[in-house]
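This report concerns only the one structure given below.
Being a predicted model, the structure only gives us computed values, none of them experimental.
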Amino acid sequence: MKLSSLRLALRRLQYKVSVAGSFEPHLHSVAPMAVAGIQVVGGTPAISPSLLFTDSKNKGFLINAGEGIQRMILESPGLRISNITDILTTRFDYNTVASIPGISLFRRDQQNVNTTHNPLTVWGTNNVNGFLRSTQLDCFADEVGSDRHLVLKNLKDLEILGGITVKIVPLISSNCYVFYLPQKDGNVNKMKLKEMNVPKKLLATLFKTGSVELAGGKIVTKSDVLDPVEPAPVFIIVDAQSDEECKVLSKMDFNAMIDESKQTLMLMVHFSGRDITVSDNYRKFIDSYKDIDHLLMCKNPLSRILFDCAQRNAIMSSVLPVEKLYEPTEEGSTDLTNMTKDPETSITLSEHLLRYSMYPTQKSSAGWHRNNVILKKSFNFKNEEVSAKKIYNCFIADQKPEMPAKKLRRGFSCPDITFLGTTSTYSSTFRNVSGILLQCSEGFSALLDAGEMTVGQMIRLYGPDKTKELIGKLNFLYISHIHFDHCGGSMSVAEYYYQVNDKPLTIICPIRMLPWFKYLSSVFKIPLNLVPIGKLYQDKTMLDDLTKEHGVKIDLCPAMHTRDSWCVALASENWKVAYSGDTLPNSKFVDIGQDCDILIHEATHQSTLAEDAAKKKHSTVGQAIEIGKQMKARYTALTHFSLRYQKLPPIIDETVPDNVLFAHDFTKITKENVETWCRATDALPLLFPDHYKDLSKQSYYKNKKPFNTL
């Protein structure tokens with residue numbers, strides 16, 4: 001048996017043992033990878049998989065960055081976006097590039113805080129560079145940032161990225177990559193060290209200079225006390241999306257690109273399409289490399305992501321009308337038996353946070369490691385749910401004399417309003433960026449803004465099938481302004497809509513966004529029906545035609561935020577909803593939203609941070625509540641909170657009327673539960689006491705004054 005085959009057999013055995021073992025991973029004690037290796041990110045029903053390669057210096061290379069990957073990395077312990085220096089794409093579609101602008105935004109903000117400037121380099125085809133440059137047009141100039149934060153390059157035949165050689169192997173429309181890792185010194189052999197009798201005080205000199213002279217003149221070199229040097233590891237990324245590319249791939253000889261005397265091919269990662277991987281040509285190709293490990297990158301229906309967000313959702317849904325998340329099933333699981341004819345070929349299905357180490361260490365071997373993988377059974381929060389119910393019931397019992405059950409305000413009616421995202425700038429661990437779904441019994445349905453991963457949030461809530469059904473029923477998608485946290489998920493919504501209806505989705509958007517949408521529509525082959533808000537605002541006839549088409553009256557006014565941003569009011573015969581988008585307090589918005597049933601208003605900051613809010617042209621909680629009073633809104637729902645407000649909204653030092661509620665991701669407001677949401681505001685700090693304490697401290701140090709505690 002070859003030495004490489006022996007190593008492979010050992011890695012397979014260790015992997016089977018880890019899979020067979022039953023354990024609950026402690027998700028928040030996971031350290032970053034100390035040795036070079038690859039880690040799967042994503043691969044869930046909502047998010048296409050990406051691959052993160054981290055070298056021994058913790059420098060990260062991300063292969064593909066589909067929509068939602070940014071949030072996945074943020075939520076995953078041990079992974080940091082700030083460590084990602086290079087992004088490579090295997091092909092050009094929305095599942096490989098959609099998250100790049102969001103990652104760039106995050107790194108820009110982090111570098112502004114840390115006062116260091118380490119640009120993100122994106123390697124790709126002309127189409128990839130064209131997509132990113134389109135986000136730096138006039139409409140996104142204040143979003144992605146200057147060239148110091150984002151560098152666009154085309155890969156040549158061979159590139160050296162931070163000491164790692166990467167070879168590009170083009171197919172027809174996809175790229176394959178060969179990663180040549182550097183050779184690593186063998187591990188320190190304690191037996192050899194003892195035989196050579198090297199004093200401890202000379203060890204540092206030995207490993208720094210390569211040799212030391214002992215008493216008596218004996219020279220000891222570093223190689224004398226190390227294990228034999230292993231061949232340098234090599235791994236390959238392949239991606240075939242058509243039968244033609246599969247034929248080209250099957251004729252390639254990757255072994256010819258490797259010097260077997262100095263290098264060893266360890267792993268092949270397959271981004272190829274699911275229909276392609278089960279074809280005869282592809283199975284023959286895989287079997288021709290049976291002496292190495294194979295990783296199939298696919299959407300695993302059993303994967304559950306965003307552990308912390310699911311935990312918070314479970315706690316809140318036990319006492320409040322938060323929608324329960326979709327439970328994935330084994331339906332649609334990839335059958336690995338169809339991928340190979342040779343039983344000796346080792347194929348592993350991707351799982352979020354599955355890791356493959358390229359080098360052995362004294363504590364672990366090279367190969368698969370599953371200690372970070374979030375198991376389905378990890379999402380059992382029964383203890384937290386029971387505790388939350390007890391706390392909430394005690395709170396309600398204590399408050400009963402002062403809080404009699406309220407009747408709905410006279411004449412109140414509203415569509416079902418589901419908040420898919422409630423944070424600002426970019427998604428965080430607990431909250432997604434803006435997205436609001438309106439549904440009413442008259443058949444009307446619309447999305448108000450669609451930040452990145454809006455479709456992903458719907459899949460997590462409803463499942464893939466119902467998500468397609470709901471998006472297929474949309475009358476239109478309304479985009480309030482051009483910032484990426486309000487429009488980054490638009491093309492995914494449009495793609496789902498087109499798949500269901502075979503006709504373009506109507507997108508009501510600012511005029512400044514038309515060039516961007518037209519470019520995306522042409523390169524991704526997704527037709528769009530674009531309706532510019534500016535023309536609607538100026539042409540009453542055009543607005544009346546749109547009202548007749550959808551059966552809902554639409555009123556618009558300019559918002560006080562970035563240029564070409566808007567507020568909207570939607571009204572039917574039975575209800576009226578006003579949505580602020582991002583804005584400073586706005587008297588024109590008060591006029592068009594007058595007497596609405598529900599006002600949805602941004603509340604980025606707490607009232608004590610009014611100066612910060614004004615600088616960024618946002619509203620505070622107190623200002624949003626005041627707009628609701630001036631508008632005579634029956635209820636006010638606050639959203640779009642700053643990233644500092646994770647589990648809890650900005651409720652510190654606020655006087656909140658009894659018709660105001662704070663939205664969370666997956667909050668669903670209906671005519672039946674709106675009073676429950678309003679009544680629960682004071683109970684939220686009891687459900688998340690640690691976070692409330694942290695917010696209180698922030699408020700104290702920011703304002704230099706004492707704070708109230710419950």
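- Side-chain contact check for R644 and H605: at least one donor-acceptor pair (N or O, by modelled atom type) lies under 3.5 Å.
- Scored by the side-chain hydrogen bond (donor to acceptor under 3.5 Å, both in side chains) test, S48 finds N95 as partners (sequence neighbours excluded).
- Counting only distance, with no hydrogens or angles, the side chain of S272 and the backbone of A240 share a donor-acceptor pair below 3.5 Å.
- Around the CG atom of D259, the shell of radius 6.0 Å holds more than 12 heavy atoms that belong to other residues, nucleotides or ligands.
- In this structure D93 satisfies the salt bridge (Lys or Arg N to Asp or Glu O under 4.0 Å) test together with R91, sequence neighbours excluded.
- Every residue two or more places apart in sequence or in another chain was checked for a salt bridge (Lys or Arg N to Asp or Glu O under 4.0 Å) with K518, and none qualifies.
- For the residue pair S50/N64, the side-chain donor-acceptor check at 3.5 Å is not satisfied.
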Check against side chain to side chain donor-acceptor pair (under 3.5 Å), T90 and N175: CA-CA 5 Å; T90 58; N175 290 328; over 6 Å; no

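- Here D449 pairs with S480, H486, Y579 under the side-chain hydrogen bond (donor to acceptor under 3.5 Å, both in side chains) rule; sequence neighbours left out.
- The aromatic rings of H561 and H618 sit tilted relative to each other, their planes meeting at an angle between 30° and 60°.
- Between H481 and D564, the side chains place no donor N or O within less than 3.5 Å of an acceptor N or O (distance only, hydrogens not considered).
- Applying the side-chain hydrogen bond (donor to acceptor under 3.5 Å, both in side chains) test to S173 and every residue at least two apart in sequence or in another chain returns E245.
- For F235 and Y177, the ring centers are positioned 6.0 Å apart or more.
- Side-chain contact, S492 with E67: a donor N or O sits under 3.5 Å from an acceptor N or O.
- Donor-acceptor pairing under 3.5 Å is lacking for the side chains of T639 and E602.
- With sequence neighbours excluded, the residues forming a ring pair (Phe, Tyr, Trp, His ring centres under 6.0 Å) with F285 are Y282, Y289, listed by chain and number.
- In this structure a side-chain-to-backbone donor-acceptor pair under 3.5 Å is missing from R107 to T85.
- Electrostatic pairing of E351 and R370 counts as a salt bridge here, judged by a charged N lying under 4.0 Å from a carboxylate O.
- With no hydrogens or angles considered, a side-chain donor-acceptor pair links Y356 and D293 at under 3.5 Å.
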